[in-house]
Amino acid sequence: MSNKEAFQHELDARHDKYERLVKLGRDITIESKRTIFLLHRVTSENNMDEVLAEAESKLSAVRQKIKQVAQELVGEDMYQFHRAFTPGLQEYVEAVTFQHFITSRMLFSISEINKQLLFEDLQMPPTTEKAHTLGIQVTPVDYLLGVADLTGELMRLCISSVGNGDMDTPFELSQFLRNIFDGFSYIGNTGPYEISRKLFALKQSLSKVENACYTLKVRGSEIPKHMLADLFSAKSEIIEHDDVIS
């Protein structure tokens, strides 16, 4: 085989690997979104444990897809292929942090997320008494972008909670989102462009939740509970319009 043919074979193999990773990334994104949609049912379902168990099952299936990504990257530089699957990792971070918030009211750390993404490789013989492991690490940027998207889901959780008569969750979410916003504010314009762009959407989500808390505190006793969610939705549209104009 000539050098030209060898280079062509290597480039074709690398392109095929990239395309496989893109497909896996899409699958991870789709299943993570489905998990997020499922988790929003916790405010309306009587049996929250069943919803959480189903969500955990879906996330376990997503982690198996991430394991396939890790298998594709064995012996490769992850950052050469990172763009192929980074949207999937961000969506997974959003889903798993949403699940963790619902169960614990805390933010899932990047170190804990990465611990879940270490897998036993049954195809490789163990080099020592311990089994060979493989994994993929969520980068800090992927984590931050996933958390930024999480704030939008928390804003929707706030509105749906009020619609179901839960008047405590909005105040918990307000403080939680304020802490996240403060953390992102420290990054400011020093971080990647994507983070600066997400900061605007994060601020919008925080404004909507704080507006909901204000309405509950000041006018909560005047407005019937079944009308509060519609009122918040209408005010959210006004906030978005004002932000676009400014």
Side-chain angles (χ1 to χ4, degrees), residues 18 21-40 55 58-59 61-63 65-70 72-73 77-102 104-118 135-158 173-209 240 243-244:
Y18 191 91
L21 289 170
V22 168
K23 184 179 184 304
L24 285 170
R26 288 174 183 157
D27 292 342
I28 293 168
T29 299
I30 292 170
E31 292 304 318
S32 296
K33 285 183 180 295
R34 288 174 177 168
T35 304
I36 292 170
F37 296 151
L38 172 65
L39 286 169
H40 276 292
K58 286 183 175 293
L59 287 174
V62 173
R63 283 191 280 271
K65 292 287 185 181
I66 296 176
K67 180 180 179 180
Q68 294 180 42
V69 173
E72 289 282 357
L73 294 175
D77 180 0
M78 183 188 80
Y79 291 98
Q80 289 186 358
F81 299 92
H82 189 240
R83 289 185 56 151
F85 56 86
T86 180
L89 287 183
Q90 293 171 25
E91 200 69 35
Y92 170 75
V93 169
E94 182 181 354
V96 77
T97 51
F98 190 34
Q99 178 205 39
H100 190 75
F101 176 82
I102 290 173
S104 68
R105 290 301 193 260
M106 297 178 65
L107 182 63
F108 208 23
S109 68
I110 185 173
S111 59
E112 292 298 320
I113 291 176
N114 283 330
K115 283 180 183 178
Q116 293 183 344
L117 301 183
L118 294 174
I136 185 169
Q137 299 294 287
V138 172
T139 66
V141 173
D142 286 337
Y143 177 74
L144 289 172
L145 293 176
V147 170
D149 289 335
L150 166 69
T151 60
E153 302 305 328
L154 295 180
M155 180 271 296
R156 295 179 187 93
L157 180 65
C158 170
L173 289 170
S174 176
Q175 185 58 50
F176 185 77
L177 288 174
R178 170 57 63 182
N179 291 337
I180 292 179
F181 180 77
D182 289 344
F184 272 81
S185 297
Y186 286 124
I187 299 174
N189 294 324
T190 61
Y193 165 74
E194 295 91 342
I195 294 178
S196 300
R197 184 169 52 85
K198 297 265 186 181
L199 195 59
F200 174 75
L202 199 165
K203 184 179 179 182
Q204 275 193 330
S205 297
L206 175 61
S207 297
K208 293 173 185 177
V209 173
E240 288 183 357
D243 285 338
V244 170

- request: State the OG1-CG distance between Thr97 and Leu154, to the nearest 0.5 angstrom.
  value: 8.0 Å
- line: CD1 (Ile28) and NZ (Lys23) are apart, to the nearest 0.5 Å, by 11.0 Å
message: Is the ring pair His82/Tyr79 parallel, tilted or perpendicular, if the boundaries are 30 and 60 degrees?
response: tilted
field: Presence of salt bridge, Arg197 and Glu194, under 4.0 angstrom
entry: no
field: Minimum-distance pair of heavy atoms, taken over all atoms of Leu39 and Ala95
entry: CD1-O, 3.9 Å
task: Answer yes or no: is there a side-chain heavy-atom contact under 4.5 Å between Leu89 and Val69?
output: no
field: Leu202 versus Phe184, closest heavy-atom pair with distance
entry: CD1-CD1, 3.6 Å
task: Inspect the surroundings of CZ in Arg105 and state if more than 12 heavy atoms from other residues, nucleotides or ligands are less than 6.0 Å away.
output: yes
- line: Correct closest heavy-atom pair for Val62 and Ser32 would be CG1-OG, 3.9 Å
field: Minimum-distance pair of heavy atoms, taken over all atoms of Ser205 and Gly152
entry: OG-CA, 3.6 Å
query: Could you state the interatomic distance from CZ (Phe37) to NZ (Lys33), rounded to the nearest 0.5 Å?
result: 6.0 Å
- prompt: Within a strict 4.5 Å, meaning less than it, do heavy atoms of the Leu206 and Thr151 side chains meet?
  reply: no
- request: Report yes if some heavy atom in the side chain of Gln99 is under 4.5 Å from a heavy atom in the side chain of Leu59; otherwise report no.
  value: yes
Rounded distance (nearest 0.5 Å) linking atom CD of Glu153 with atom CD1 of Ile36: 5.0 Å
message: Using side-chain hydrogen bond (donor to acceptor under 3.5 Å, both in side chains), reason through Tyr92 and Arg63 one step at a time and then give a plain yes or no.
response: CA-CA 9 Å; Tyr92 170 75; Arg63 283 191 280 271; 2.9 Å; yes
message: What verdict does the side-chain hydrogen bond (donor to acceptor under 3.5 Å, both in side chains) test give for Gln90 and Thr86, after you've listed the backbone C-alpha separation in whole Å, the side-chain angles of each residue and the deciding distance to 0.1 Å?
response: CA-CA 6 Å; Gln90 293 171 25; Thr86 180; 3.1 Å; yes
message: Using only atom types and a distance under 3.5 Å, with no angle test, would you say the side chain of Asn114 pairs donor to acceptor with the backbone of Gln137?
response: no
field: Heavy-atom side-chain proximity of Phe200 to Gln204 below 4.5 angstrom
entry: yes
statement: Test side chain to side chain contact (heavy atoms under 4.5 Å, CB included), reference Gln68, set Leu21, Ile136, Leu24, output is Leu24
- prompt: Taking all atoms of both residues into account, what is the closest heavy-atom pair of Leu157 and His40, and its distance?
  reply: N-CE1, 3.9 Å
- request: Please round to the nearest 0.5 Å and tell me the distance separating atom CG of Leu145 and atom CD of Glu91.
  value: 11.5 Å
- prompt: Which distance, rounded to the nearest 0.5 Å, do you find between the CZ of Phe108 and the CD of Gln116?
  reply: 4.0 Å
query: Do Tyr18 and Arg83 pass the side-chain contact (heavy atoms from CB on, under 4.5 Å) test, and can you show the C-alpha distance, the side-chain angles, and the key distance before you say yes or no?
result: CA-CA 9 Å; Tyr18 191 91; Arg83 289 185 56 151; 3.8 Å; yes
- prompt: Are the side chains of Leu107 and Leu150 in touch, meaning some heavy atoms are under 4.5 Å apart?
  reply: yes
task: With the side chain counted from C-beta on, respond yes when Leu73 and Phe85 share a heavy-atom pair under 4.5 Å apart, and no when they do not.
output: yes
